[in-house]
Participant: 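I am attaching a structure below and will ask some questions about it afterwards.
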There are 2 protein chains.
Amino acid sequence: MPKATFFNLDPEKREAVLQAAWEEFARHPFEQASLSRIVQDSRIAKGSMYQYFEDKLDLYLYMVELAYEQKRSYLKKAFALKADMFTILEEYYHQSYLFARDFPFMHRVINNFWDSRAPALEAELARGKLSRSQDFSGFLKEARRKGVVNPLLNPEAIFFVYHAVGRDLIEYFGDEANSRFVSDVLDVLKYGLQAREEGS
Amino acid sequence: MPKATFFNLDPEKREAVLQAAWEEFARHPFEQASLSRIVQDSRIAKGSMYQYFEDKLDLYLYMVELAYEQKRSYLKKAFALKADMFTILEEYYHQSYLFARDFPFMHRVINNFWDSRAPALEAELARGKLSRSQDFSGFLKEARRKGVVNPLLNPEAIFFVYHAVGRDLIEYFGDEANSRFVSDVLDVLKYGLQAREEGS
DNA sequence: AGGTAATGTGACCACCCAGTCATAAGGGGA
DNA sequence: TCCCCTTATGACTGGGTGGTCACATTACCT
């Protein structure tokens with residue numbers, strides 16, 4: 001958490017710090033990101049930074065939190081939908097796409113965060129992963145109960161697949177992915193690969 | 001490529017260097033790996049390292065190459081199979097699992113390599129990705145021709161899904177994954193999620 | 001204007017890094 | 001023993017890092 005001083009700051013200055021930090025943490029994972037560079041880019045004295053934040057980690061976690069706050073405001077539109085699992089998932093990734101399009105820096109910061117291996121972040125990452133897996137589990141259980149999902153499949157394997165695909169889908173937004181492609185990918189998961197007599 | 005001196009080395013010494021390098025590159029991505037640590041751990045003078053290798057990158061790429069050589073000797077067993085696509089894929093991931101079990105350090109080095117973002121590795125990574133995508137493309141086209149794979153699905157989306165899932169499957173070997181789990185995951189891809197009247 | 005508390009500052013510290021180089025040591029062959 | 005070539009060595013260079021601190025500056029209240 002930033003110190004009170006940071007919030008008392010002249011908004012223009014605060015924005016400059018944030019902007020420099022977005023660029024740095026978007027370009028580099030936590031360990032390789034450089035406070036010195038952020039300080040240089042935002043034309044602020046090194047010492048000032050330590051008036052605003054405890055240390056590099058404090059700043060970083062704050063940025064991640066800001067980014068997630070913004071992203072959640074997109075994602076909630078998907079969860080608000082009263083529809084079947086596949087539709088909700090499609091909207092979920094669609095909203096992720098819109099977020100990445102509108103806030104590319106935040107998007108990259110979040111991606112870097114998820115595949116960070118810094119020991120300082122281990123605890124934070126584990127918490128996030130667990131929470132996500134539980135969310136999806138509840139979601140999936142509901143869908144199975146309703147008979148929307150093939151009950152013969154191992155739920156953990158389903159989560160694994162969605163996690164992996166969702167991760168890459170989000171990682172490569174802006175590259176090859178677009179809305180149409182997201183649908184196609186989800187179709188692969190929905191219908192499966194194996195050819196069938198009666199198409200659906 | 002190592003310099004000739006490296007191959008003239010007393011095998012015990014050479015092994016010590018390699019062992020220290022495996023541990024370092026397994027624990028840290030290229031940029032964060034420290035030559036100084038490797039040199040310390042292998043009880044060799046800093047200068048000696050530069051008698052054996054051009055620089056840090058030279059050593060690193062050599063290690064990745066060694067690891068891949070070993071891994072290929074496992075994977076080729078899958079490609080030698082005369083069976084349908086799903087069976088071959090299952091064997092492919094099974095062999096990946098065995099490799100990770102037998103050579104955990106190499107396995108982690110390869111994983112770190114794939115999600116490295118170091119500019120020095122960009123070219124090498126792009127080459128590898130392209131080659132893999134072409135391999136899979138040919139593979140998939142063949143399967144479609146034989147009617148094993150649902151022709152309504154977007155081939156690029158199929159590749160995307162397999163790439164993502166395969167990547168994570170390999171990344172987490174040793175954690176949650178085992179042979180049974182690999183099958184379950186592949187079943188999810190094969191049969192798809194959506195419930196059907198007649199099970200298969 | 002005076003005084004006090006909050007902020008700003010950049011030189012500086014200790015540490016780590018990849019890579020270099022002058023010098024020393026070793027290993028045949030003559 | 002001498003020579004020469006290959007190999008070993010670790011102090012050193014130049015540069016980067018996160019973080020500190022004594023001091024300067026500003027802002028606000030009386």
Participant: Less than 4.0 angstrom between a side-chain N/O of A:N8 and OP1 or OP2 of C:dT7, yes or no?
Facilitator: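 It does, given that an N or O in the side chain of A:N8 lies less than 4.0 Å from OP1 or OP2 of C:dT7.
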
Participant: Between atom CD in A:Q32 and atom P in C:dC17, what is the gap in whole Å?
Facilitator: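 A:Q32 atom CD is separated from C:dC17 atom P by 13 Å.
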
Participant: With a non-hydrogen cut-off below 4.0 angstrom, is A:R37 in contact with a base, only sugar-phosphate, or nothing?
Facilitator: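 If one applies the 4.0 Å heavy-atom cut-off, A:R37 turns out to touch the sugar-phosphate alone, with no base involved.
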
Participant: With a 4.0 Å cut-off on heavy atoms, is B:I44 in touch with a base, just the backbone sugar-phosphate, or nothing at all?
Facilitator: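 Since no nucleic acid heavy atom lies under 4.0 Å of B:I44, the category is nothing.
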
Participant: Take atom CZ of B:R43 and atom P of D:dG10, then tell me their distance rounded to the nearest Å.
Facilitator: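 Interatomic distance, CZ of B:R43 to P of D:dG10: 13 Å.
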
Participant: What distance do A:M1 atom CE and A:E54 atom CD have between them, rounded to the nearest 0.5 Å?
Facilitator: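 With rounding to 0.5 Å, CE (A:M1) is 12.0 Å from CD (A:E54).
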
Participant: Is any side-chain nitrogen or oxygen of B:Y50 closer than 4.0 Å to OP1 or OP2 of D:dA8?
Facilitator: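 No, because none of the side-chain N or O atoms of B:Y50 sits under 4.0 Å from OP1 or OP2 of D:dA8.
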
Participant: Are the charged groups of B:D115 and A:R117 less than 4.0 angstrom apart, N to O?
Facilitator: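 Looking at B:D115 and A:R117, the cut-off is met.
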
Participant: Whole angstroms only, please: what is the CD-C1' distance between A:Q40 and D:dT17?
Facilitator: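 So the CD-C1' distance, A:Q40 to D:dT17, works out to 12 Å.
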
Participant: Grab the CD-C1' distance between B:E54 and C:dT20 for me, whole Å please.
Facilitator: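 Whole-Å distance recorded here is 14 Å.
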
Participant: Please examine the side chains of A:W114 and A:E171, heavy atoms only from C-beta on, and report whether any two atoms are closer than 4.5 Å.
Facilitator: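 With C-beta onward as the side chain, the pair stays apart.
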
Participant: Starting at the 5' end of DNA chain D, which residue's closest nucleotide do you reach first, A:A33 or A:Q51?
Facilitator: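 On the 5' side of the pair lies A:A33.
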
Participant: Charged N to carboxylate O below 4.0 Å: is that the case for A:E31 and A:K56?
Facilitator: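 Judged by the 4.0 Å cut-off on N to carboxylate O distance, A:E31 and A:K56 do not form a salt bridge.
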
Participant: Look at B:S36 and C:dC16 and indicate whether a side-chain polar atom (N or O) is within less than 4.0 Å of OP1 or OP2.
Facilitator: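 No, B:S36 has no side-chain N/O under 4.0 Å of OP1/OP2 on C:dC16.
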
Participant: Nearest-Å distance, CD (A:E31) to P (C:dC17)?
Facilitator: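 Computing the A:E31:CD to C:dC17:P distance gives 12 Å.
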
Participant: Hey, does A:K56 reach any base, or is it just sugar-phosphate, or nothing, if we go heavy atoms under 4.0 Å?
Facilitator: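 Counting heavy atoms under 4.0 Å across all strands, the contact made by A:K56 is with sugar-phosphate only.
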
Participant: Looking at A:Y52, does any N or O in its side chain come under 4.0 Å of the phosphate oxygens OP1/OP2 on C:dT7?
Facilitator: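 Negative; the distance criterion is not met.
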
Participant: When the distance from CG of A:L35 to C1' of D:dG19 is rounded to whole Å, what number comes out?
Facilitator: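 After rounding, the reported distance stands at 9 Å.
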
Participant: Between A:S48 and A:S34, which has a closest nucleotide on DNA chain D that is more 5'?
Facilitator: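 It is A:S34, whose closest nucleotide lies nearer the 5' terminus.
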
Participant: Return the value, rounded to whole Å, for the distance between atom CG of B:D55 and atom P of C:dG19.
Facilitator: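 Roughly 5 Å, once rounded to whole Å.
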
Participant: On a plain distance test, is the side chain of B:K46 in donor-acceptor contact with the base of C:dA18 below 3.5 Å?
Facilitator: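 It does, because a donor-acceptor pair links the side chain of B:K46 to the base of C:dA18 below 3.5 Å.
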
Participant: Between B:K13 and D:dA8, is there a contact of a side-chain N or O with OP1 or OP2 at under 4.0 Å?
Facilitator: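 Yes, such a contact exists.
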
Participant: Using whole Å, report how far CZ of A:F53 lies from P of C:dT7.
Facilitator: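 So the two atoms are 14 Å apart, to the nearest Å.
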
Participant: Backbone N or O of A:F181 within a donor-acceptor pair of the B:N154 side chain at under 3.5 Å?
Facilitator: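 Checking the backbone N and O of A:F181 against the side chain of B:N154, no donor-acceptor pair under 3.5 Å is found.
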
